[in-house]
Amino acid sequence: MIDIRLLRDNPDAVRASQRARGEDLDLVDAALAADARRRSSLAEFESRRAEQKAMGKQVAQATGDEKAALIGRTKQLAQEVKDHQAAVNEAEAELDELLFRIPNIVEGAPAGGEEDFVTVKAVGTPRDFAAEGFEPRDHLDLGEGLGAIDTQRGAKVSGSRFYFLTGVGARLELAILQAAMDKAVAEGFTPMITPTLVTPETMRGTGFLGEHSDEVYRLERDDLYLVGTSEVALAGYHGDEIIDLSDGPKRYAGWSACYRREAGSHGKDVRGIIRVHQFHKVEMFSYCSVDDAEAEHQRLLAWEEAMMAAVELPYRVIDTAAGDLGTSAARKFDCEAWLPTQQRYLELTSTSNCTTFQARRLNVRERAEHGTRTVATLNGTLGTTRWIVAILENHQQPDGSVRVPEGLRPYLGGLEVLEPVR
RNA sequence: GGAGACGUCGCAUAGUCUGGUCUAGUGCGCCACCCUGCUAAGGUGGUAACGGGGCAACCCGUUCGCGGGUUCAAAUCCCGCCGUCUCCGCCA
């Protein structure tokens, strides 16, 4: 949720953000009007209520006829209080509904849609397979050869976009995730294994139930949602708390399964395990002061890049355009690894600065000089199942074996090469 | 799944039976000052959040797990829900 004060004091800033995202501008004026209505009805209610309370004290002290007379007069007042209360509730609900639909204020992201990203940098050089004299195989081909990925049985058991990681495939995923966890712990993060089912309030608070609620699995019978990332649970972790950030940001590394319906992705990435309904991820999550958020975002990006280096992949960093940002994000950087068989870059990490947007909904604050203030939240990927795709393709050898990047060897018992089983 | 107990301003508690002086008391913790003078102890005062109004001092309102209801008036009475604990049942 955006800051209502910003909306009041500087509606043009909100309009500019909406424009950059390609979102509805009318929402801004509708919210302003609802806010004005709410405040005026609140003032009405409060003055009646103050009167009622004052008279209540007189009633308590009065006796006999005097008391009966007072009670007669307060009945009318009680009805008025009730009516005004209803008006306030109505105006408030309307305002909430409108505010909920306004995504976070963009901060520094390029304007435009999915194609309008800015490449921040490119690191490493994609291999020249032609020069090496062989045609690269795609990750599924390689994965099946290694006995690492089984999509056929995944579909048999659970339907399309499900898979089994088998043998060395399972080990490779664990290696990626453990390397990510170790990196996080080395950088001072608190490792966390998080719930993957959360309440509607938690899901709403993190901004995943707005425009993109189609992406989310819901268990109707229990009124719970399956998370698409541990960010959801980690953002809810300090919900309704006043936290102490005087020693710097609170950093958590969440390990969890992630579930996504992939409702809008029919026909996209259908082969292999690039886009699946369930995967695992190690996610960095940081609560920090607003003033420190931009610097923290750069730190998260740097840690992601360190992981990219550890798995020895050529990649680029992109600054995502406003129209392609999530609801909660003010700015987002992705690390995309080169995918040789598709001659394109594939998103492996994504780090978002959500500024105060999530924290305001979830009511996470810190002590300030006067009272409290909402903190900023940030998140970023440190390792996922999808990394297997890029690792297999980029480190493949002519015989279908795959070289294990040095950063992962300690997690695979020193294994240097994954050998085909057939 | 069943039964019971509980949920109060950081923590611990009083208040609920018997609705109104609860403007929610007390202890601990924390902050400031004072006294004292050194392994300390004591005194005084202050210490919730949110919203509205105001240049400000301040004023008003909301919040006693959440949501309804009764009433002139609800921490207190009624209903529903959520959570915690104990016991029982079932199951891995």
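Residue numbers start from 1 in every chain, and the chains themselves are labelled A, B, ... in the order their sequence lines are given, proteins ahead of strands.
You won't find any donor-acceptor pair under 3.5 Å spanning the side chain of A/Glu46 and the base of B/G53, going by distance alone.
When each of B/C72, B/U70, B/A49 is scored by its nearest atom to the side-chain atoms of A/Thr74, the top-ranked nucleotide is B/C72. Checking B/C72, B/U62, B/C60 against every side-chain atom of A/Lys75, the shortest atom distance belongs to B/C72. Nearest to the side chain of A/Lys53, among B/U70, B/G61, B/C72, sits B/G61. The side chain of A/Gln52 lies closest to B/C72 when the candidates are B/C60, B/C72, B/A48.
Across all strands shown, B/U86 is found opposite B/A3 as a Watson-Crick or G-U wobble partner, with both distances under 3.5 Å.
Between A/Arg49 and A/Thr372, the residue whose closest nucleotide on RNA chain B is further toward the 5' end is A/Thr372. Comparing A/Arg5 and A/Ala78 by the nucleotide of RNA chain B whose heavy atom lies nearest to each, the residue mapping closer to the 5' end is A/Arg5.
For the residue pair A/Glu419/A/Ser401, the side-chain donor-acceptor check at 3.5 Å is not satisfied.
Within the 4.0 angstrom heavy-atom criterion, no nucleotide atom of any strand lies near A/Arg373.
Results of the side chain to side chain contact (heavy atoms under 4.5 Å, CB included) test with A/Glu393 over A/Asp138, A/Leu140, A/Val402 single out A/Asp138 as the only residue that passes.
For the pair A/Arg386 and A/Phe279, the NZ or CZ position fails the cation-pi test of under 6.0 Å to the six-membered ring centre and within 45 degrees of the ring normal.
Heavy-atom distances under 4.0 Å link RNA chain B to A/Arg38, A/Arg39, A/Leu42 of residues 32-42 of chain A, given in residue order.
Rounded to whole Å, atom P of B/G52 lies 18 Å from atom NE2 of A/His84.
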